[in-house]
Amino acid sequence: MPNVNNADTILEEGLAKLGLDGTRINSAALFRYIEEIELFNPAYGLVKVRDRRELIAKHILDSLAPLNAIRSLTADTPQETRIADVGSGAGLPGIPLAICMPEVEFVLIERMGRRAGFLRNVAAVLALANVRVEEAEMEKISPASCFDIAVFRAFRPLEPAIFKGLSRLLAPGGVLAAYKGRRQAIEEEMASLFGAMEKTALPCISGWETLPLEVPFLEEERHLLLIRR
């Protein structure tokens with residue numbers, strides 16, 4: 001493992017390991033975002049981390065690990081794609097993705113007022129014209145606000161009521177993209193969800209798959225769960 005004692009090198013090294021160190025990645029904006037989290041975290045409790053190194057590995061690089069997979073879902077019409085980050089919290093994964101996908105519209109859905117205010121501030125400070133913040137509970141988002149993709153890290157496990165709420169946000173043919181851990185736990189979640197679908201009127205699933213993720217400097221099993229309506 002390379003020397004990671006200097007936290008300020010971890011982001012650049014991590015992006016390189018993910019194959020994201022080209023000119024399309026605005027690392028300066030990512031660093032500024034990290035600084036905003038560190039500034040507001042003591043008062044707002046945005047993330048639980050010991051230091052910058054953990055913040056970068058556990059949250060920033062983890063958010064960006066499936067970037068290419070998510071880009072592939074928008075490949076045909078990126079400028080017409082709308083992505084929701086549900087339960088955005090500190091803006092994870094929505095803000096890092098929005099920084100790296102400036103051609104795509106992102107809506108950050110966050111029910112807590114202080115955190116929604118933080119997200120608006122970050123969008124303004126970073127001049128993210130492709131980001132909008134919705135301060136509301138997921139269930140209260142207008143049905144007219146249909147999204148092509150809904151990303152989320154906040155819901156564990158993916159219970160029937162949560163799945164139903166997430167599904168109503170999707171346009172026809174939309175995709176839920178869930179940041180998850182162990183594959184075995186995902187399979188158990190999906191088995192439970194399919195069992196519930198046999199008993200209740202849950203939205204139909206046309207297919208699902210898990211993509212293994214390698215997150216630099218994070219020694220945890222990580223996957224992206226894609227569920228297609």
Would the distance check show the side chain of [X] and the main-chain N or O of [Y] forming a donor-acceptor pair, the cut-off being under 3.5 Å?
X	Y	result
S206	R229	yes
R82	F106	no
E110	M112	yes
S192	E188	no
N130	M101	yes
H223	K180	no

Checking salt bridge (Lys or Arg N to Asp or Glu O under 4.0 Å) for the pair E220/R182: CA distance, chi angles, key distance, verdict?
CA-CA 8 Å; E220 297 178 12; R182 296 181 301 112; over 6 Å; no
Taking salt bridge (charged side-chain N to carboxylate O under 4.0 Å, His left out) as the definition, give me every residue that meets it alongside [X], ordered by chain and number, with sequence neighbours left out.
X	answer
R115	none
E38	R52
R111	none
E209	R228

What's the separation between atom [atom1] in [X] and atom [atom2] in [Y], rounded to the nearest 0.5 Å?
X	Y	atom1	atom2	result
D148	T74	CG	OG1	9.5 Å
L92	L119	CG	CG	9.0 Å
L15	C100	CG	SG	7.0 Å

Are [X] and [Y] within salt-bridge range, i.e. N to O under 4.0 Å?
X	Y	value
E214	K17	no
R153	D85	no
E139	R168	no

Would you mind reporting whether [Y] and [X] have side-chain heavy atoms less than 4.5 Å apart?
X	Y	answer
I56	F217	no
L20	N68	yes
R132	L108	no
C146	L170	no
E13	P216	no

Return the minimal non-hydrogen interatomic distance between [X] and [Y], and the atom names on each side.
X	Y	value
I162	P157	CD1-O, 4.0 Å
L218	K58	CD1-CA, 4.3 Å
I109	A136	CG2-O, 3.6 Å

Derivation of the side chain to side chain contact (heavy atoms under 4.5 Å, CB included) call for L67 and L97:
CA-CA 7 Å; L67 175 62; L97 291 176; 3.8 Å; yes
From CA spacing to verdict: side-chain hydrogen bond (donor to acceptor under 3.5 Å, both in side chains), E105, T81
CA-CA 6 Å; E105 178 186 355; T81 299; over 6 Å; no
Please determine whether side chain to side chain contact (heavy atoms under 4.5 Å, CB included) holds for the pair L128 and I99, giving the CA-CA distance in whole Å, both sets of side-chain angles, and the decisive distance to 0.1 Å.
CA-CA 7 Å; L128 296 176; I99 290 172; 4.0 Å; yes
N121: what forms a side-chain hydrogen bond (donor to acceptor under 3.5 Å, both in side chains) with it, not counting sequence neighbours?
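With neighbours one apart ignored, the set is E36.
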Pairing residues for Y44 by the ring pair (Phe, Tyr, Trp, His ring centres under 6.0 Å) criterion, not counting sequence neighbours:
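Per chain and number, Y44 pairs via ring pair (Phe, Tyr, Trp, His ring centres under 6.0 Å) with F40.
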Could you walk me through whether F31 and L11 satisfy the side chain to side chain contact (heavy atoms under 4.5 Å, CB included) test, starting with their C-alpha distance in whole Å, then the side-chain angles of each, then the deciding distance to 0.1 Å, before giving a yes or no?
CA-CA 8 Å; F31 273 119; L11 180 62; 3.9 Å; yes
Would you sort out whether L225 and W208 count as a side chain to side chain contact (heavy atoms under 4.5 Å, CB included), showing the intermediate values?
CA-CA 7 Å; L225 169 63; W208 66 278; 3.5 Å; yes
